[in-house]
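Just below is one structure, and these are the notes that go with it.
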Amino acid sequence: MSVPATTAKEKASAPGVHPRPLWSVRPSSDREAGDAVVSNFLLHWFPAKVAKASLDWGYSYWLGTVSAALLLLLVLSGGPLLFLYIPSVERAYASVKDIEHVVAFGSWIRSVHRLSAHLMVAAVFLHLVRVFLTGAYKNGTGRGQRREWNWVIGIAMLLATLFLSFTGYLLPWDQLAYWAVTVGTNIASSVPFVGPSLRELLLGGRTIDQPTLIRFYVLHVIVLPGALGALLVYHMWRVRKDGGLARADREALLAEKTAVPPTPTKTYTLLGVARGTGPTVRASTLEAPATTVNAVPDLVRRAAIVVLGTMAVISMLAVAVRSPLEEPANPLVTPNPAKAPWYFLWLQEIVTDTTVRIGSFTLNGAFLGGVLLPGLLLLVLTAWPWLDRSPAAAAGRWLPRSRRRQNTLFLAFCLMVVVLTLVGTFGRGPYWHFYWPWQERPEIPARI
Amino acid sequence: MEKRTDSPYPRRDRPVLAGIGVVLVVSTVLFAWADRRHDWRYYQLEFKRLVGEKLGADKAKAVPSGIQQVWVPGLGRADRCQTCHQAVSWKGFESAEEPFRTHPTAPLQNHPVEKFGCTACHGGQGWAVDTDEAHGQIAHWEEPLLGPALGEQYSLAGDKGALVQMNCNVCHRYDRETKGADAINLAKKLVQEKGCRACHRINGRGGTIGPDLTSVGEKAPEQYEYGRLSGQKTAFAWHVAHFKDPRALVADTVMPNFHLSTLDAQALAMLVLSWRKAPVPAEYAPGTPRSDPQTAEEAEQERQMKTGPGAWFVKTGCFVCHSISALGVKSPAQIGPDLSTAVEDTQSRFGRTVDDFLAAPTGTMAVVLSRQIVLSPAQKAEAVQKLREAFAEHQRQKAEAEKAGARAGAAGGGH
């Protein structure tokens, strides 16, 4: 019995074996470009080849990447804050004051964290809007596509983002924090039957106190980031498994079917992610090589532009925009008006607008505006991929004619949310009266 | 070897990526610079120079640099004021400009900086190290520096630096008199003289006609009604205006106008704002009283009023505004007429009998008898009865005095 001798050269050229420990940013061949994806841990979630159409700035606006970059910034800036912030009612406020005034780069780190959080809510929302308007939750030609489930995961990620931001709101333990959380949890308590228990579960009691702070803290630094991280990994895995963006499918759908004989040197293992030859490989790469480029370096470069660009913008904004810290939390003094965080203000606006007083009788709008309406909206939004009956060809392009009606409906809803958010954020003054920007508001009194 | 697929992207994207790189470098420089740029760096250099000039290079070397902090765990304060105000404990800069001035030594003997910090007395935001934020005249900070600048803003009638005495009185609230706190001492004297306790509870003692003032200093600025206050909208300004003319701010108040001077009104405003709940650790106020008991003399006076012939008027609360001199009851406020002659007075002032007037009062008494002192018909009858008795006593005393006067006159004439 003799084992065929294999030379070192043969070993090195075998599929899946990579002689170079580092991948090249300037691959000299497609093979070398593909190697990077296999040999580098961080790059392994990219395909070897990517459709040019997917790289367009104007299709996706890279909002998902921007969101991910903001999440990265949040994790990076949250790290030092974990060492500096003290989750105790007595010391939380003082520790934030210390971060703000004497910790080296503390004020900047806190601003990076806060701005990234606010902008992430916006970026994730805009990402959702983009996906809806381009019908990108629709399946195309590939096998095993489950884009509708990635849409559902996306909505779960939006919720996780919102609750991450909301739980972070309480931590500085100032008036803004205390009363925003008061408004938020009071709305939660208007859920029929379980509302009060839900509020008690969230607060760890009936008032906002140390048990609330530690609950929100643990949710903010362990539970929700863990959940969002797991969802993110699954979201990205599904993107790969579904053959990339819906745009790429569309290209394959429209491309002339000119069969290219498979060449034996082209093997893309895809790390076992896709069954058989993955949809991208079959549809876009082999059959239409002119429409694709190597992920390394072209996709990596664009991703770097977006991620580093986001970092640069946030870094400069954080120098210009200091994070506010109001008076220490005081349960006895309610600021006028007490506002929820801005991304919940459209709900607070609906709550106050639907609260009707007839004599001594009050119809509480918290159930309608705070529970029923957002609950229904969430349900409809989640189920939309199954309600959407437009043709597969409508996916992967902006505002197609065949989806005009549902896009109009969705845009109207978005417009309502945006307008109500703007009204709540900038228009509402003391006693929830409406003020135009040029109208003078009552002076806020001071002690001395 | 196979070739690489052509790509249009390197040509388009490389300049963009390079641009982002430049922006990243700029942003890094920007935040590093923003973090370093603080006034205190300049003040520390300047102080070092001053010490060098005045006391020599050796001493200048001993001037510490970097953020300076006094951490006072007992009061929960970290005061970084000495980061700029480095001269506080250096002798020889008594007449220098702030922030290079030596702290007067007298108050520091009983209140060492290491134990009390700075902001416990002076106000301001000890956490901060930049001028505006540290001096606390910014949004969302309720304890501004109680210095002469703020006194100037309020046009204090007396010492412009008097506002700091508010913080003296947080610990010294039970002192009858505190050394160095002239405004507060004046206000405490006024509280005794004007008889504020007739209506208000203060330090757990006093009447219930007005609100309890024991911790009125805790009342949030948002909780005052500023509708009729002109000028600055602050709790302090509100109290000054209210002391000068209560009815100008609160239309239906029964608090009398004591016609206080600006100096008095400002002192009283400082006093009431100093009545805060701030718990003072025992070791911080050794030797200062921890409660506000009556003196023996005051207690005796009160006992006499409560058990004497005028006890009914004291118990019912009439004495707050009215003296009943015939029965030995002296009103602390004395804003109403003496009730000894009420039986006559109602006739001459309103043209009505005292029964009639009490049954359907007019003017101030209509407000008082419907809100502060609500009497049942039986009690009103009792009041009329008591007023008649007081009048009888008044006439008896008057007759006696006349008789005595006549006797004295007759005796005088005899000579």
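Note that the structure is a prediction, hence the values are computed from the model and not measured. Throughout, a chain's letter reflects where its sequence line sits, starting with A, and its residues are numbered from 1.
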Side-chain contact test, heavy atoms from C-beta onward, threshold under 4.5 Å: evaluate it for Asp174(A) versus His140(B) and give yes or no.
no
Do Arg12(B) and Arg302(A) make a side-chain contact, defined as non-hydrogen atoms from C-beta onward lying under 4.5 Å apart?
yes
Heavy atoms only: give me the nearest [X]-[Y] pair and the separation to one decimal.
X: Gly106(A); Y: Asp35(B); result: N-OD1, 4.3 Å
X: Ala312(A); Y: Ser27(B); result: O-CB, 4.1 Å
X: Val129(B); Y: His101(A); result: CG2-O, 3.7 Å
X: Val293(A); Y: Pro8(B); result: CG1-CD, 4.3 Å
X: Pro221(B); Y: Ala446(A); result: CB-O, 3.3 Å
X: Ser7(B); Y: Asp298(A); result: OG-OD2, 2.5 Å

For [X], is it the side chain, the backbone, both or neither that has a heavy atom under 4.5 Å from a heavy atom of chain A?
X: Pro144(B); result: side chain
X: Gln223(B); result: side chain
X: Gln137(B); result: neither
X: Leu146(B); result: side chain
X: Leu17(B); result: both
X: Ala34(B); result: side chain
X: Glu218(B); result: neither

Hey, are Asp98(A) and Arg80(B) close enough for a salt bridge, meaning a charged N less than 4.0 Å from a carboxylate O?
yes
Between Glu142(B), Gln232(B), Met166(B), Met270(B), which is the residue that forms a side chain to side chain contact (heavy atoms under 4.5 Å, CB included) with Ile448(A)?
Met166(B)
Plane angle bin for Trp141(B) and Tyr93(A) - parallel if under 30°, tilted between 30 and 60°, otherwise perpendicular:
parallel
Report which part of Leu176(A) has an atom under 4.5 Å of a heavy atom belonging to chain B: side chain, backbone, both, or neither.
neither
Under 4.5 Å from any heavy atom of chain B, what part of Ala33(A) do you find: side chain, backbone, both or neither?
neither
Look at Tyr226(B), Phe31(B), Tyr224(B) and state which one has the largest set of heavy-atom pairs under 4.5 Å with chain A.
Phe31(B)
Is it the case that the side chain of Arg14(B) and the backbone of Arg301(A) share a donor-acceptor pair, with hydrogens and angles ignored and the cut-off at 3.5 Å?
no
Does Tyr9(B) reach the main-chain N or O of Leu299(A) with its side chain, forming a donor-acceptor pair under 3.5 Å?
no
